[in-house]
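Notes to accompany the following structure.
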Amino acid sequence: MGREAVETAFADIRAALAVLNAEVDGCGSKPFSTADPLAGLADGSLDILAGAAAVEAGVAGLKARAAMKYADTAHALAPPGMPVPAQEMAVAAEIGCVLALGPRAASTFLSASHALTTTLPLTLAALHAGTISWQHARVMADEAATLDPAGAAALEAHFLDPDTPRPAAAATIGEMPAHRFKHKARTWRERHHTESIEKRHTKAAADRRVEYRPDQDGMAWLSACLPADQAMAGWNRLNALARAAQGPNEPRTLTQIRTDKFAEAILTSGTSATFHADNSAGNGEEASDSDGAGAGTCAGLLSPGIRAQVLVTVPVFSLMGLTEEPAVLDGFGPVPPSMARDLVANGADSFHRVLVDPRDGAPLEIGRSSYRVTKAMRNWLRLRDGQCPFPGCSNSSLDNEADHLLAWHHGGTTGISNLGQPCPKHHKLRHTTGWKPTPATKNQPPGWTSPTGRHYKSEHQDWEPPHWPESALSALAAELKLTEHHTGQTHGLGPYPPMPAAPGGYADLLHRGLSQAEIELEEFFYGSS
């Protein structure tokens, strides 16, 4: 046992690797398929890839446990009186040397390993089982870092507890790339953090910054961390300017034009404009350009850039200021409700109010006054899928194309359940290769089947029921009683609150002593009389 057992185990692993390498080279004792050796080798190589990923994850879990076991024993063996920071520095240095990691990378590895072995048991178990990768585990540790123990446990349970209900056709977190899981975990964290997103956003905005990083071949990166609505506004504006510049005599690609427009904006007139931070026009007060917390955020900047098409899903109670539940900015994720209210107040040209089901938060209706099929369907697809539905693709661009899953000339209908919205790259993949989308529904995007016959599940949106403020629940209960009194029928909530039967309209609302917010709530659901 002990050292000898460890050496034997690793010798067996190296021997297994030699066998697998021989199989990849087609030099195994038996072919994968005698009927079609080449196709068999291709299919077998995918099996080896999948198995290697699972083993790699298990090894990552082993490394995390071994690192923390070393840290624990090193602390126990430390000389009496040795300061704790010095002990931690020594541990990080030792592990960094063993794994050939720099000091920062070693500390990051130790931090994630500590979280996995102390507060994230389900994540560590999934890593050992090979159902998630080390990158997924890192995401879980990062998102749980700012949560209290109960919040971290709830985050982990939501994604990894087998008893948590989820659609059967939805991809598990291990079946999607880690960057897509990060988006989902961040969305959950924003919705369930014990501190409101408004307070956290205010703190984060104080740390806004621009960073510069040299790159190869005379190039460099210039990036900015700024409020999401401003970032999305700038991105949409760059895209609109780049598309407008395209033409038959324009040799530059869309990416090149977008980059040139960005450089032009920051090097010329983009630095000389005067902005008003309070969204008022011409009040003579200029926004500060200092680094002070909360100063100079230039909230008024967002309106011109959001002229490109944008969807903002905001719970009605947040829109009315009754709750602080996050809204969702299409292409980004959760944002403070004040940001959504600002988008509405400043008249974003293509803002679409999205009514959600009070039971589960799924979208029910886009707008109220019209239902032009083509535009509404395209917006519905964006809500249903969130981005290109191909596994792992994050393209939420407006260039995504509505596509019949069952072709029109084969009898396919033009309905939500027979539509996908792949990005141009994966639209082309579908029509030029053997990749085929699987059926979709109104609420679930299509999965995909590869030329080898393997099926890959789609990523589904994480809808959640909106928060109902106490005042709205009281008003709704009173309305239910009133409706029952006038009709003799008992109504359930259903997808919408039941239509009030009592006549009187706005005057009747005032007569019943409802607050202005409750009146607006009823008008939103029922329409004013």
Side-chain angles (χ1 to χ4, degrees), residues 50 53 57 122-123 126 130-140 142-143 155-162 164-192 311 313 326 328-334 354 356 360-363 378-403 405 416-427 429-430 435-450 454-464:
L122 294 180
T123 307
T131 56
I132 65 172
S133 70
W134 173 252
Q135 289 75 19
H136 291 83
R138 278 282 309 275
V139 168
M140 186 71 81
D142 290 345
E143 294 300 325
L155 170 67
E156 192 181 43
H158 177 75
F159 290 105
L160 292 173
D161 191 331
T164 299
R166 54 179 53 87
T172 63
I173 68 168
E175 293 174 318
M176 65 183 73
H179 76 276
R180 291 302 314 157
F181 168 55
K182 183 175 182 63
H183 173 78
K184 283 184 169 291
R186 176 173 61 85
T187 297
W188 190 96
R189 172 188 171 277
E190 301 286 27
R191 288 171 173 165
H192 298 273
L311 287 176
T313 306
V328 176
L329 182 62
D330 183 46
F332 173 78
V354 180
V356 299
D360 58 12
R378 187 174 295 276
N379 287 333
W380 193 285
L381 286 172
R382 292 174 63 194
L383 281 169
R384 186 193 68 184
D385 300 353
Q387 69 278 324
C388 169
F390 191 86
C393 184
S394 298
N395 193 332
S396 57
S397 167
L398 300 176
D399 293 329
N400 287 359
E401 302 158 354
D403 182 39
L405 303 180
I416 298 300
S417 299
N418 190 46
L419 291 174
Q421 54 133 21
C423 65
K425 175 181 176 181
H426 291 117
H427 194 185
L429 181 78
R430 181 259 170 99
W435 281 90
K436 301 296 179 186
T438 61
T441 70
K442 290 183 178 180
N443 297 322
Q444 299 179 2
W448 288 76
T449 301
S450 75
R454 284 173 165 78
H455 175 65
Y456 299 94
K457 295 180 179 179
S458 64
E459 180 183 332
H460 290 185
Q461 297 278 64
D462 294 327
W463 305 112
E464 291 190 14

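Nearest heavy atoms, T123 versus M140: OG1-CG, 3.3 Å. Looking at every heavy atom in both residues, L122 comes nearest to A157 through CD1-CA, 4.1 Å. The two residues A57 and G130 come nearest to each other via the heavy atoms CB-CA, 3.8 Å. Nearest approach of P437 to W448, heavy atoms of both residues: N-CE3, 3.9 Å. A185 and V139 make their closest contact through CB-CG1, 4.3 Å (heavy atoms, listed as atom of the first residue, atom of the second, distance). The two residues P445 and P389 make their nearest non-hydrogen contact at CB-CB, 4.1 Å.
By the 4.0 Å N-to-carboxylate-O rule, R186 lies too far from E143 to be salt-bridged with it.
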Assess the residue pair K184 and I173 against the criterion (side chain to side chain contact (heavy atoms under 4.5 Å, CB included)); give the C-alpha distance rounded to whole Å, side-chain angles, the decisive distance to 0.1 Å, and a yes or no. CA-CA 9 Å; K184 283 184 169 291; I173 68 168; 5.6 Å; no
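Under the 4.5 Å side-chain criterion, counting only non-hydrogen atoms from C-beta, R180 is in contact with Q387.
Rounded to the nearest 0.5 Å, atoms CH2 (W188) and CD (E156) are 11.0 Å apart. Separating the CD atom in Q421 from the CG atom in D403 is a distance of 10.5 Å, to the nearest 0.5 Å. In this structure, H183 NE2 and T187 OG1 are separated by 4.0 Å, a value rounded to the nearest 0.5 Å. For the atom pair NZ (K425) and SG (C393), the distance works out to 7.5 Å, reported to the nearest 0.5 Å.
In this structure, the side chain of Q444 does not engage the main chain of T441 through any donor-acceptor pair within 3.5 Å. Judged purely by atom type and a 3.5 angstrom limit, Q135 has no side-chain atom pairing as donor or acceptor with the backbone of A178. R430 places a side-chain N or O within 3.5 Å of a backbone atom of L405 that can act as its donor or acceptor partner. No donor-acceptor pair closer than 3.5 Å links the side chain of E459 to the backbone N or O of A170.
In this structure, the side-chain contact (heavy atoms from CB on, under 4.5 Å) partners of R166, at least two apart in sequence or on a different chain, are T164. With sequence neighbours excluded, the residues satisfying side-chain contact (heavy atoms from CB on, under 4.5 Å) with A126 are T131, I132, L160.
Other residues, nucleotides and ligands place more than 12 heavy atoms under 6.0 Å from the NZ atom of K436.
Note on ring orientation: taking the six-membered ring where Trp is involved, the planes of H426 and F390 are parallel (angle under 30°, cut-offs 30° and 60°).
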